[in-house]
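Both counts, for ligands and for their atoms, begin at 1 and track the order of listing. Along the sequence shown, residues carry numbers from 1. Hydrogens, waters and symmetry mates play no part in the numbers below; they use all other heavy atoms, side chains included.
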Amino acid sequence: MGMAPVIELNDGHRIPQLGFGTFQIDPEDTADAVRTALEIGYRHIDTAQMYGNEKGVGQGIRDAGLPRADVFVTSKLNNGFHRPDDARRAFDDTLSELGFDYVDLFLIHWPLPTLYGGDFVATWKTLEEFAKDGRARSIGVSNFQPDHLDRLAAETTAVPAANQVEIHPYFTNEKVRARNREHGIATQAWSPIAQGKVLDDPVITRIADAAGESPAQAVLRWHIQRGDIVFPKSVTPEHIGSNFAIFDFELSDDEIEAISGLDRGENGRTGADPDTFDYVPDDAM
Ligand SMILES: NC(=O)c1ccc[n+]([C@@H]2O[C@H](COP(=O)([O-])OP(=O)(O)OC[C@H]3O[C@@H](n4cnc5c(N)ncnc54)[C@H](OP(=O)(O)O)[C@@H]3O)[C@@H](O)[C@H]2O)c1
């Protein structure tokens, strides 16, 4: 099985285009799932403070026996920690939970424009400190809308390396993808298979059947050919394996277009709207 293609970020660091997501993986199952993914060939793991499983991610990487430098690790700042001092403490905690002295990418998980006086700019400047001292090789954002990206560009100097947003066939999120491109920001697509909701779609099953692949493989291949970075989540070894086996077939331009045509605009969102989302977990107050 081939390794995933690599994308160069705007700061020169390199990220595998296909990784492994860990949202909703129980902390006690995380090390096993991550080790399984690494044994299959994944070299990019996506976690977050909010998932409560950073410790298992670090453990899974150590269990796989791989050098730290061989695995690209992303984590994200929890919503309760946007104030600069809280963000500094929370980032220290991320490194100690993972058991590493750096992360490859650290993101502001949500912009929270209705909290903290809407000041995600101060939070972003705090992440710049982590990049300067080398403890975050790259820094970026998640769930940032076009106007949030424009505001960072107007008020700060460091351009986010990545913006991780919801993208799948029912919510292609072209506006954010386009603004990411304008700013030179890599697009990461979360919930790439819409947590399974797109897998029974007749357009997708037809294209998957024609390719002799599963619906999940066809959708992941669609993302890869569009150039986005993806990290499907699974605790099922068979899925973990098949989600990585997408480099021995190609979709035609017509097939890519047909899948993109399933977009339902805002109605296709499965997750929260970043303009109004203001959830702060109890353990991050
Ligand atoms: N930045 C953010 O705000 C944000 C938000 C959401 C997600 N994320 C990141 O993006 C990652 C992926 O998103 P996600 O976890 O929400 O959803 P997803 O990857 O689109 O879907 C995961 C779901 O699909 C199932 N699945 C996986 N592979 C399958 C296959 N080949 N066939 C059938 N079912 C399959 C999984 O079940 P099994 O486990 O049983 O296989 C799981 O229920 C997350 O894990 C997280 O790292 C980030």
For ligand 1, list every N/O pair with the protein closer than 3.5 Å, one pair per line with the distance.
| residue | atom | partner | partner atom | Å |
| --- | --- | --- | --- | --- |
| ligand 1 | 1 (N) | Ser142 | OG | 2.9 |
| ligand 1 | 1 (N) | Gln164 | OE1 | 3.0 |
| ligand 1 | 3 (O) | His109 | NE2 | 3.3 |
| ligand 1 | 3 (O) | Asn143 | ND2 | 2.9 |
| ligand 1 | 3 (O) | Trp190 | NE1 | 3.4 |
| ligand 1 | 8 (N) | Tyr51 | OH | 3.4 |
| ligand 1 | 13 (O) | Ser191 | N | 3.1 |
| ligand 1 | 16 (O) | Ser191 | OG | 2.8 |
| ligand 1 | 16 (O) | Gln195 | NE2 | 2.8 |
| ligand 1 | 19 (O) | Lys233 | N | 3.0 |
| ligand 1 | 20 (O) | Pro192 | N | 3.3 |
| ligand 1 | 20 (O) | Ile193 | N | 3.0 |
| ligand 1 | 20 (O) | Ala194 | N | 3.4 |
| ligand 1 | 20 (O) | Gln195 | N | 3.1 |
| ligand 1 | 28 (N) | Asn243 | ND2 | 3.0 |
| ligand 1 | 31 (N) | Asn243 | OD1 | 2.9 |
| ligand 1 | 32 (N) | His239 | NE2 | 3.4 |
| ligand 1 | 39 (O) | Lys233 | NZ | 2.8 |
| ligand 1 | 39 (O) | Val235 | N | 2.8 |
| ligand 1 | 40 (O) | Thr236 | OG1 | 2.9 |
| ligand 1 | 41 (O) | Ser234 | OG | 2.5 |
| ligand 1 | 41 (O) | Thr236 | OG1 | 3.2 |
| ligand 1 | 41 (O) | His239 | ND1 | 2.6 |
| ligand 1 | 45 (O) | Thr22 | N | 3.1 |
| ligand 1 | 45 (O) | Phe23 | N | 2.9 |
| ligand 1 | 47 (O) | Thr22 | N | 3.4 |
| ligand 1 | 47 (O) | Asp46 | OD2 | 2.6 |

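Residues passing the side chain to side chain contact (heavy atoms under 4.5 Å, CB included) test with Ala122 are Pro84, Asp119, sequence neighbours excluded. Applying the ring-ring contact (aromatic ring centres under 6.0 Å, His included) rule to His148 yields the partners Phe120, Phe144; only residues at least two apart in sequence or on another chain are considered. Residues satisfying the side chain to side chain donor-acceptor pair (under 3.5 Å) criterion with Asn143, sequence neighbours excluded, are Trp190.
Ring-plane geometry between Phe277 and Tyr279 is classed as tilted, the angle between the planes lying from 30 to 60 degrees on a 0 to 90 degree scale. Between Tyr116 and His82, the two ring planes are parallel [angle under 30°; tilted spans 30° to 60°].
Phe130 and Phe91 have their aromatic ring centers within a separation under 6.0 angstrom.
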